Each structure stands twice: as C-alpha cells, then as structure tokens.
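Everything on this sheet refers to the single structure shown next.
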Amino acid sequence: MDFLHRNGILVIQHLQKDYRAYHNFLNFMSNVGDPRNIISVYFPLWFQLNQTVGTKMIWVAVIGDWFNLIFKWILFGHRPYWWIHETQIYTNHSNPWLEQFPTTCETGPGCPSGHAMGSSCVWYVMVTAALSYTVGRIDKSSVTLHRLTRSFLWSLFWLIQISVCISRVFIATHFPHQVILGVIGGMLVAEAFEHTPDIQTASLGTYIKTSLFLFLFAFGFYLFLKLLDIDLLWSVPKAKKWCANPDWIHIDTTPFAGLVRNLGVLFGLGFAINSEMFFLSCRGKDSYKLSFKLLCVMTSLTLLQLYNFVKIPTHAEYLFYVLSFCKSASIPFTVVAMIPYCIHVLMRPREKKIN
C-alpha cells in the first residue's frame with residue numbers, strides 16, 4: 001500500500017506542477033462528480049423526460065453511495081493531504097509538499113472515491129438509457145448511425161470519468177488507485193440495476209423498508225466495530241489537523257452526513273411517487289406533452305438552485321442530521337410531485353378557455 005501511496009504522491013505533484021493553469025476546469029469537473037449534483041441537476045432533468053431513468057438514477061446513486069460508505073469503513077483509505085504528514089516512509093523530514101484547495105479537505109476515508117463512484121454510476125445509467133432509446137428506433141439503414149452514436153456516448157462517458165478522476169487527484173483529496181476503484185464500483189452498481197426492474201413499481205412501504213435497512217445496517221456496523229474498539233470516524237481528526245484552512249472543513253463531508261442525505265432522498269422519492277399529486281400530474285394526459293415536460297424541467301432546475309441558499313445550522317450535529325434528512329427528502333418531492341402538480345393545475349384553465 002505504501003508503494004501505491006508514494007507513487008500516487010508523485011502523480012499528484014506532477015499534476016499540480018504541470019496542470020495548475022487548468023485549475024478552474026479541474027475544479028469544475030470535480031463538481032460534475034459531486035454526488036449532490038446528481039440530485040439537484042441530473043435527476044430533475046432526466047425524471048421529467050423519462051420517469052424510468054430518473055427513478056433508476058436515484059436508486060443507483062443512493063445504493064452506490066451506501067456501498068461507498070461501507071467500503072470506506074472497511075478499507076480505511078488515507079487521503080493524500082494528510083497522509084504525507086503522518087507517513088514514516090520519508091526520511092530526514094523530506095515529506096513532500098502538496099497544495100490544498102477549498103475542496104480538498106474531505107473528512108471521510110478516501111477509498112474508494114465517492115465522487116468517481118457517483119459520477120460513473122449515474123453517467124452509466126444515462127448512457128445506457130440513451131442507447132436503449134436509439135436501439136428501439138433503428139432500422140437497417142441506421143445501423144451505422146447507431147454504432148457511431150454508441151461510440152460517441154461511451155467515449156463521452158470515459159472522457160468525463162477520466163476528467164473527474166484527474167480533478168480529484170489534482171486537488172490532493174484522492175490517490176489514483178482510489179478513483180479507479182470508485183469508477184469500477186460505480187459501474188458495477190449501475191449494471192446491477194440494469195437487471196432490477198422491480199424498483200419502477202416499488203411501493204412506499206418498500207422505500208421505507210429499504211431506507212430503514214440501509215440505515216440500521218450502516219449504524220449497526222458502526223456500533224459493532226466500535227465495540228471492537230475500532231473508530232470508524234478516525235479520519236475526521238486527521239482532516240481537521242492537516243487541512244490548511246479550518247474554513248474548508250465542512251460537516252456535510254462526514255460519513256454520516258452523506259448517509260442521512262441519501263436516505264432522505266430515497267424516502268422523499270418514495271413518498272412523492274406514491275402521492276396523489278404525482279398520479280394526477282405525471283401519470284395524467286399532461287405528462288405526454290412536451291410543453292409540460294419542459295416547464296417541469298426548467299422550474300425544477302431553477303427552484304433547486306435556490307435550495308443551495310438554504311443553509312442548515314451546523315452548531316448542533318444531531319440537529320444538522322435531522323434537518324439534512326428533511327431538506328434532502330423535500331428535493332425529490334418537489335421535483336416529482338409538487339412542481340408537476342402545480343403546472344398541471346395552471347395548464348387546465350387555459351385548456352378550458354381554448355375549448
């Protein structure tokens with residue numbers, strides 16, 4: 001492992017030296033892989049255009065991030081920005097220097113990369129969905145076009161994944177092997193859901209039971225290892241100690257923060273899909289209209305950007321988790337039920353006047 005870490009440090013130093021001019025682009029690509037953008041950007045766009053893809057995207061993102069948390073607790077992966085200060089492999093105080101950025105100081109364990117895993121699983125869903133759409137509409141004369149489309153989409157997929165991986169290594173928050181494992185893990189989770197059609201008809205009870213199972217398993221695993229005197233939050237003190245700027249430490253990067261956020265999203269989606277507002281709007285005749293879909297997409301994307309201005313107080317950790325769950329649950333409910341229903345109601349009077 002020290003061999004991977006030491007060579008990883010050399011890669012990071014090379015990137016920070018030769019690609020410093022591309023910092024803004026790499027920082028943007030790091031945000032592309034941010035699991036939080038899956039909920040606030042990718043999901044509202046795809047759900048209104050294709051409910052099957054949007055639903056699968058949430059399940060893949062939540063289950064993928066849950067597996068990412070469990071593996072992080074098992075693998076105890078260090079992050080570069082603190083590892084260089086605590087390793088004993090460098091002699092005569094020759095520890096290398098790495099530049100840190102506002103997005104460097106993640107507080108959870110580093111292996112596998114959550115950004116790389118989230119990006120790969122969601123983009124895998126999007127690419128396979130787009131290819132499935134084109135396959136159903138090809139004829140003999142368009143086979144070549146389909147092959148070109150397939151090559152283009154998978155090339156785009158790998159271009160994005162490589163860019164996300166490089167960005168995470170560049171800011172010294174991950175070693176190269178950690179982002180590679182993240183990409184592979186995300187693709188495996190996404191592929192597994194390609195053969196799980198039952199999620200499209202899941203009841204509210206299924207969503208609740210799944211959320212409870214994910215929480216109880218993770219929390220039980222945490223307590224079990226704690227009884228064995230294994231602290232799964234060992235990375236938080238290291239992040240606070242070696243982060244160059246205390247203001248770059250955020251509670252929403254802790255392991256339990258991501259778990260609570262994802263469970264809130266899954267519960268909110270289940271509640272929304274099984275609500276009367278969803279059946280009246282997204283399952284009614286308006287749902288087939290392009291104007292209805294576009295209005296839902298634009299309204300959802302706009303409103304969810306305003307959610308970013310809603311700051312949750314961080315002075316009390318347990319209160320933060322409760323409010324984070326509620327905020328996360330409100331996002332899919334807003335996208336799936338509230339916005340489509342409001343637009344459905346606003347469109348009805350116009351149709352009556354026209355008639």
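Numbers for residues simply follow the sequence, beginning at 1. Every value quoted in this text rests on a predicted model; they were computed, and no experiment measured them.
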- prompt: So Val265 and Ile331, side chain to side chain contact (heavy atoms under 4.5 Å, CB included) or not? Walk me through it.
  reply: CA-CA 7 Å; Val265 169; Ile331 292 176; 5.7 Å; no

field: Derivation of the ring-ring contact (aromatic ring centres under 6.0 Å, His included) call for Phe256 and Tyr222
entry: CA-CA 10 Å; Phe256 277 114; Tyr222 169 79; 5.2 Å; yes

task: Under the side chain to side chain contact (heavy atoms under 4.5 Å, CB included) rule, what do Phe47 and Val297 come out as? Steps first, then yes or no, please.
output: CA-CA 9 Å; Phe47 187 85; Val297 168; over 6 Å; no

task: List the steps, then state whether side chain to side chain contact (heavy atoms under 4.5 Å, CB included) holds for Ile273 with Tyr207.
output: CA-CA 10 Å; Ile273 284 181; Tyr207 278 90; 3.8 Å; yes

- request: Decide yes or no on side chain to side chain contact (heavy atoms under 4.5 Å, CB included) for Met117 and Val189, but give the supporting numbers first.
  value: CA-CA 9 Å; Met117 194 166 180; Val189 171; 4.1 Å; yes

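Considering Trp66, Phe67, Phe224 as possible partners of Phe217, the one that fulfils the ring-ring contact (aromatic ring centres under 6.0 Å, His included) test is Trp66.
The aromatic rings of His5 and His177 sit tilted, their planes meeting at an angle between 30° and 60°. The aromatic rings of Trp82 and His78 sit perpendicular to each other, their planes meeting at more than 60°, with 30° as the lower class boundary. Between Phe333 and Phe271, the two ring planes are tilted [angle within 30° to 60°].
In this structure, CE in Met187 is found 11.0 Å from OG in Ser119, a value given to the nearest 0.5 Å. Interatomic distance, CG of Leu214 versus CG of Asn262, reported as 9.0 Å (0.5 Å rounding). In this structure, CD1 on Ile339 lies 7.5 Å from CD on Gln48, to the nearest 0.5 angstrom. One distance of note links CZ of Arg261 with CD1 of Ile312; it measures 9.5 Å at 0.5 Å rounding. Note: Leu159 CG to Trp123 CH2 = 10.0 Å, rounded to the nearest 0.5 Å. Between the CD1 atom in Ile249 and the SG atom in Cys105 there is a gap of 4.5 Å [rounded to 0.5 Å].
Between the side chains of Thr107 and Thr254, no donor N or O sits under 3.5 Å from an acceptor N or O. Judged by distance alone, the side chains of Thr299 and Thr302 never bring a donor and an acceptor atom under 3.5 Å apart. Side-chain N/O atoms of His85 and Trp242 include no donor and acceptor closer than 3.5 Å. For Ser275 and Tyr341, the side-chain atoms include no donor-acceptor pair closer than 3.5 Å.
Within 6.0 Å of atom OH in Tyr22, 12 or fewer heavy atoms from other residues, nucleotides or ligands are found, so the atom counts as exposed in its surroundings. More than 12 heavy atoms of other shown residues, nucleotides or ligands fall within 6.0 angstrom of atom CZ in Arg20. Remark: Phe76 CZ is packed, more than 12 non-hydrogen atoms of other residues, nucleotides or ligands lying under 6.0 Å away.
Residue Ile160 is grouped with residue Val60 when hydrophobic side chains (ILVMFWY) are merged at heavy-atom distances under 4.5 angstrom, including chains of intermediate members.
Checking side-chain atoms of Ser328 against main-chain N and O of Phe325 turns up no donor-acceptor pair under 3.5 Å. Proximity of a side-chain donor or acceptor of Asn7 to a complementary backbone N or O of Phe3 within less than 3.5 Å is detected. In this structure, the side chain of Thr104 engages the main chain of Ile171 through a donor-acceptor pair within 3.5 Å. Remark: the backbone N or O of Gly108 is paired with a side-chain donor or acceptor of Arg79 at under 3.5 angstrom.
Lys72 has no carboxylate O lying under 4.0 Å from a charged side-chain N of Glu106, or vice versa, which leaves the two without a salt bridge.
What you find for Ser30 and Arg168 is that their closest heavy atoms are OG-NH1, 2.8 Å. Closest of all the heavy-atom pairs between Phe292 and Pro340 is CE1-O, 3.5 Å. Summarising the geometry of Leu269 relative to Pro332, their closest heavy-atom pair is N-CG, 3.5 Å, with the distance given to 0.1 Å. The two residues Thr87 and Ile84 have their closest heavy-atom pair at CG2-O, 3.9 Å.
For His23, the ring pair (Phe, Tyr, Trp, His ring centres under 6.0 Å) partners at least two apart in sequence or on another chain are Phe101. Under the side-chain contact (heavy atoms from CB on, under 4.5 Å) criterion, Glu194 pairs with Lys56, Tyr124, Thr128, Glu191, sequence neighbours left out.
Counting heavy atoms from C-beta on, the side chains of Gln13 and Trp97 never come closer than 4.5 Å. Annotation: side chain of Trp73 is in contact with side chain of Pro255 (closest heavy-atom distance under 4.5 Å).
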